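Here's the structure, in structure tokens; my notes come after.
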Amino acid sequence: MSAPTDAFIDNFVGGAQRTQEAVTSAMTDVVRTWTDALTGIAGGQPTLPDAQVVVDRWFDVAQTVLDTQKAFAKTVVGAGTQAAEVVTEQATKAAETVRTQTEQVVGQASKAADAVGEQAASTARAARNASAKKA
């Protein structure tokens with residue numbers, strides 16, 4: 001594989017792993033909060049988590065997931081842009097090579113045509129001179 005493709009795959013895998021780690025961490029925090037609350041209830045302590053804290057935690061989870069997805073999307077777009085630049089550069093080089101080779105072939109064909117023309121003119125002159133001598 002090419003370097004841009006390898007980099008794209010590495011970035012893709014890295015972004016997916018970071019997303020999974022962020023979601024796992026956030027969900028662990030939420031579950032821990034609920035577990036602590038239920039443990040408090042079961043132990044005779046009537047302590048429920050503050051509704052504001054629960055809302056904040058859920059939005060923190062959502063924000064973490066969105067931030068990770070945004071970073072991942074930027075990585076994918078950056079890799080795509082880099083790959084497009086590489087392809088464009090390679091296509092430009094290929095077009096330049098084809099143009100150069102075409103110019104060389106046209107030049108050689110032109111020289112060959114000139115040589116054939118000169119040979120034909122020389123043959124025609126020789127034939128005309130031979131005809132003039134016979135007459």
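Just so you know, these numbers come straight off a predicted model, no measurement behind them.
To the nearest 0.5 angstrom, Lys74 atom NZ is 14.0 Å from Gln69 atom CD. Note that CD of Glu96 and CD of Gln101 are 10.5 Å apart. Values are rounded to the nearest 0.5 Å.
For the pair Leu66 and Lys70, the minimum side-chain heavy-atom distance is 4.5 Å or more.
Counting only N and O atoms by type, the side chains of Asp67 and Gln63 include a donor and acceptor under 3.5 Å apart.
Each of Val105, Thr100, Val106 was compared with Thr102 under the side chain to side chain contact (heavy atoms under 4.5 Å, CB included) criterion, and only Val106 meets it.
Under the 4.5 Å side-chain heavy-atom criterion for Ile, Leu, Val, Met, Phe, Trp and Tyr, Val65 and Trp58 are members of the same hydrophobic cluster.
At distances below 3.5 Å, not a single donor-acceptor pair connects side-chain atoms of Ser122 with backbone N or O atoms of Glu118. Judged purely by atom type and a 3.5 angstrom limit, Thr68 uses its side chain to pair as donor or acceptor with the backbone of Thr64.
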